[in-house]
Structure formats: structure tokens, C-alpha cells
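Inspection log for the structure reproduced underneath, given as C-alpha cells.
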Amino acid sequence: MYSGGLPMTEKVEQLIQQYPLLNKMREYQPIDWHNPEFEEATKLSLTQADVFDASARFNRFAPYFVKAFPETEATNGILRSPLIKIDQMQQKLEQVNGADIPGSVYLKADSMLPISGSIKSRGGIYEVLKFAEQVAMKETNLTYSDNYSILASPKYHEIFSHYGIMVGSTGNLGLSIGMAAASFGFKTTVHMSVDARQWKKDLLRKNGVTVVEHDDSVSVAIADGRAQAAKDPQTYFIDDEGSKDLFLGYSVAGIEVQKQLEDLGIFPSKESPVFVYLPAGVGGSPSGVSFGLQMMMPEGIYPVFVEPTHVPSVTMGMMTHLYDQIAVTDLGLDGKTLADGLAVPRSSKIAGRIMRSLLYGSHTFDDDDIYRYLTMLIDTQDIRVEPSAAAGFSAIKSTVAQFEHPEKLKNATHIVWATGGKLVPSDEMKRYYDKGEGLMRELQQSVSR
Ligand SMILES: *Cc1c(COP(=O)(O)O)cnc(C)c1O
């Protein structure tokens with residue numbers, strides 16, 4: 001809730017005077033917002049050392065992952081995803097957009113991450129690790145240099161079973177935290193919003209996780225989880241609206257991508273800009289990733305957040321500097337989207353504030369667009385992502401068209417962050433594909449008429 005001096009309706013009228021883009025947003029029109037504070041000198045509350053600390057923790061747990069999640073054996077227990085050059089998709093986009101995309105287009109396939117098949121394997125799992133480590137050190141003589149595979153033993157499972165983990169989610173965060181927490185033996189409860197897909201709830205229940213279903217938005221599911229957890233001192237609440245640890249878990253992607261770019265001979269700079277297109281829900285994952293990239297590569301990273309026209313919560317919060325103090329419903333928006341990972345009406349308390357000088361801009365899209373991109377990506381590259389995860393493609397055209405230094409675009413790299421999809425059941429994926437195919441046909445017919 002907005003808690004400033006004026007009643008919300010008057011405040012909104014005043015904001016619209018000040019930020020005319022809100023007028024278009026109020027009418028569900030796609031917009032591009034350029035952040036006027038991008039690259040302003042500011043002192044950040046987190047540093048590169050925090051990113052390295054998070055990375056070291058993931059590394060300590062690598063032997064645990066190999067043991068508890070054999071799918072991580074191939075990467076020696078490191079949770080990472082490929083960066084894939086997608087030339088055929090680039091060509092298809094150029095054809096559909098009717099405009100060149102100077103530079104190269106890559107997909108950062110977090111859709112293929114182990115355990116949750118989504119970007120939540122970074123932040124969500126990280127915070128579970130941090131809590132497990134704390135409990136283990138409190139209850140036993142575990143040290144930082146031990147081989148953490150012992151945490152998968154019955155002894156530790158018993159210790160962890162006296163503790164609980166709770167979270168509120170639109171689906172993927174609950175999925176990643178649920179799977180990771182249950183593997184340690186924590187009593188795990190996930191509060192799911194109305195948007196959460198049935199298969200995610202089923203999968204969690206199959207793994208012994210308690211799922212509480214809410215007939216309301218994720219803001220309500222989070223508030224309820226927070227209140228429940230507060231009643232039990234042994235239960236730890238993972239707060240998607242304001243957790244520093246979640247944020248830092250995502251940031252480790254910066255270290256990973258720096259190396260992947262180096263292997264490709266790509267060194268971000270003012271002369272070789274790297275645009276990173278990130279779908280934003282509460283804003284935690286796109287902010288954490290951007291922050292990590294910028295801590296590792298201080299120049300030449302241009303993060304662009306992408307949100308549904310019906311739920312531009314992070315864009316609104318950053319544009320007005322009200323952050324979590326304003327929700328999309330305050331602007332009269334319905335907050336409805338089929339991009340379930342992005343159905344978050346109010347942004348995080350910390351993400352937008354940290355991004356104040358780090359975010360290059362943001363873009364909003366119509367839901368129909370992401371189904372088209374999802375289908376194109378399967379047709380051209382045989383890669384399957386969930387609808388939210390295809391959102392980044394919608395932002396390339398306008399970002400390129402509006403970039404202040406067009407002469408540098410020939411050296412540009414565009415990274416579309418594919419935030420999830422591996423675990424989507426094939427019949428559900430087929431429905432997404434068919435929907436996108438139908439929408440593509442409609443588009444072609446309207447063009448040829
Ligand atoms: C969670 C999620 C996002 C957005 O992350 P936030 O931290 O909520 O901003 C985007 N795509 C998918 C698939 C997600 O699961």
C-alpha cells in the first residue's frame with residue numbers, strides 16, 4: 001500500500017502528470033522506458049565481495065548436489081546453464097520484426113538448470129543452502145572445509161527434520177525451494193498463488209512438500225506464509241519481496257556468464273555493448289542477475305527488464321521511485337497475465353532500489369507475443385521454454401531502435417534470458433506451442449491482407 005501523504009487516487013493523478021508514460025501503461029499499451037539514472041554514480045549496498053561469498057557457498061555444496069541430485073553429476077555439482085547462439089531464431093525475428101538485429105543473439109538457457117528447470121535454481125536454492133549451513137553449524141561441528149556430501153546422510157536429515165522452511169510463490173520459486181529443502185529433510189511448506197500451474201503443485205506434493213493453495217495473488221500468498229512462519233521459531237521464511245540472500249544467489253550468474261562470454265571472445269564495453277533481456281516478476285531474479293553481471297563486468301552491460309502490459313510492477317516502482325510502495329492495481333490495472341512467473345502486482349522492497357542506477361530500461365509486452373516467440377524458438381532452434389521465459393525476445397526490436405549509439409550496435413551481443421521451462425510437461429508444452437502457432441498464423445494473415 002502506498003503510505004505517503006496523499007490519498008492514492010490523487011497521488012496517481014499527480015504521478016501521471018509527472019510520468020506521462022503511465023498514461024499508456026494505464027491503457028495496457030506496450031511501452032519502452034529509458035531509465036534516466038542509468039550509470040549515475042551511486043554507492044551500492046552490496047558489493048562484488050558479496051557475489052564471491054555466494055559463489056563460494058554454492059561451491060561448498062557442490063558435493064552435496066552430486067549426491068542428492070545425480071542430474072548435477074555432469075557439472076560436478078555446479079548449477080549452471082548453457083549460453084547458446086541462436087542464429088536461426090535471430091533470422092526469424094528479423095523477418096517477423098521487419099528489421100535487422102545488428103550483432104548476435106544468444107539464449108541464456110536457465111530453462112535447462114538442474115532441479116527446478118528455472119532461474120529459481122539460483123536464488124531460491126541458494127537461500128536454502130545458506131539456512132542448511134547455519135543449522136548444521138549450530139547443531140554439529142561441521143566446518144567450512146568439510147565435504148558437504150555428509151549433509152545428505154541420515155544423521156543430518158534427522159537434524160534438519162526439526163526445522164521448517166516456508167515460502168510464497170507463483171510456482172517456480174516454490175518448486176525450487178520445495179525440491180531443495182525437502183532433499184535436506186526440512187519440513188517444507190509452499191504457499192502458492194492462484195497463478196501456479198497444477199503440475200508444479202503435484203510435483204511438490206509427490207516430493208513430500210506441503211502445498212497451501214491461495215485463491216489470490218502472490219502478494220497475498222507471501223503475506224500468509226510470512227505470518228504462519230512467524231508463529232514457529234524453528235521455521236525459516238524465504239521472503240521473495242525483500243530477501244538479500246535470494247538476490248545474491250541470482251547474482252552468481254554474473255561470474256558464470258563472464259567466463260562464457262570470454263570463451264566466445266566477447267568482452268563487454270562501451271564499444272561492444274551487451275544487452276541482457278530479463279523477464280521481471282517481483283524483480284528479484286532480473287536484478288540479482290544484472291547486479292552480478294555488472295559487478296563482474298563494470299562496463300558495457302545494459303540490462304533491460306521485460307514485463308507484461310497488465311503487470312508492469314517493477315517498471316512502475318522504479319519510474320516513480322515508489323518501488324514496493326505502489327502496486328499495479330493502484331494504476332487501475334487488473335494484474336492478469338498468462339506469464340505466470342511474472343504475475344506479481346507489487347515489486348520487491350530491495351531489487352528496484354539496488355537497480356536504480358544499474359537498469360538501462362524496461363519494456364512491456366502483450367501476452368500473445370510471448371506465445372509466438374515460444375513457438376518460433378521451438379521451430380528454429382528446437383528449444384523449449386515456458387511462456388514467461390520467452391518474454392525477452394519482445395524487447396530486442398525497440399531497444400535496438402532507440403539505442404543512443406547506433407554505430408556501436410554492429411558489435412552488440414543480445415542475451416535473452418530464458419528463465420524456465422525444462423520441467424513443463426510435454427502435453428502442456430504442446431498447448432503453448434499450438435497457441436503460439438495459431439497466433440503466428442493470424443499475424444501472417446493480417447499482414448498479407
Ligand atoms: C520467477 C520467474 C521470473 C521472474 O523473477 P522475479 O524474481 O520474480 O522477478 C521470470 N521467469 C520465470 C520463468 C520465473 O520463474
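Quantities reported herein were computed from a predicted structural model and do not represent experimental measurements. For ligands, and for the atoms within them, numbers begin at 1 and follow the listed sequence. Along the sequence shown, residues are numbered consecutively beginning with 1.
Taking the ring centroids of Tyr163 and Phe184, they lie at or beyond the 6.0 Å cut-off. Aromatic rings from Tyr106 and His414 are positioned such that their centres are separated by 6.0 Å or more. Here Phe275 and Phe403 bring their ring centres to under 6.0 angstrom of each other.
Taking the six-membered ring for Trp and thresholds of 30 and 60 degrees, Phe393 and Tyr373 have ring planes inclined between 30 and 60 degrees apart.
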Query raised in the report: Taking it one step at a time, do Thr42 and Ser357 satisfy side-chain hydrogen bond (donor to acceptor under 3.5 Å, both in side chains)?
Result: CA-CA 7 Å; Thr42 38; Ser357 63; 2.7 Å; yes

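Distances below 4.0 Å separate heavy atoms of Asn172 from the following atoms of ligand 1: 13 (C), 14 (C), 15 (O). Applying the 4.0 Å criterion to heavy atoms of Glu386 picks out, from ligand 1, the atoms 13 (C). Every atom of ligand 1 with a heavy atom of Gly284 under 4.0 Å away is listed here by number and element: 6 (P), 7 (O), 9 (O). Close contacts between ligand 1 and Ala280 involve ligand atoms 9 (O) [criterion: under 4.0 Å to a heavy atom].
Remark: of the listed residues Phe186, Phe131, Phe160, Phe131 is the sole one forming a ring-ring contact (aromatic ring centres under 6.0 Å, His included) with Tyr236. Residue Tyr360 is tested with Trp33, Tyr277, Tyr302 for a ring-ring contact (aromatic ring centres under 6.0 Å, His included); the sole match is Tyr302. With Asn172 as reference, Glu386 is the one residue of Lys120, Glu386, Arg197 to meet the side-chain hydrogen bond (donor to acceptor under 3.5 Å, both in side chains) rule.
From the protein, the heavy atom lying nearest to atom 3 (C) of ligand 1 is Lys120 NZ, 3.5 Å.
At under 3.5 Å, a nitrogen or oxygen of Thr419, whether backbone or side chain, sits near a nitrogen or oxygen of ligand 1. For ligand 1, the polar-atom distance check finds no N/O of Ile119 at less than 3.5 Å from any of the ligand's N/O atoms. In terms of N/O distances under 3.5 Å, ligand 1 is approached by Val282. Looking at ligand 1, you won't find any N or O of Ser388 less than 3.5 Å from one of its N or O atoms.
Residue Leu342 places a heavy atom less than 4.0 Å from ligand 1.
Of the heavy atoms in Ser285, both backbone and side-chain atoms come closer than 4.0 Å to ligand 1.
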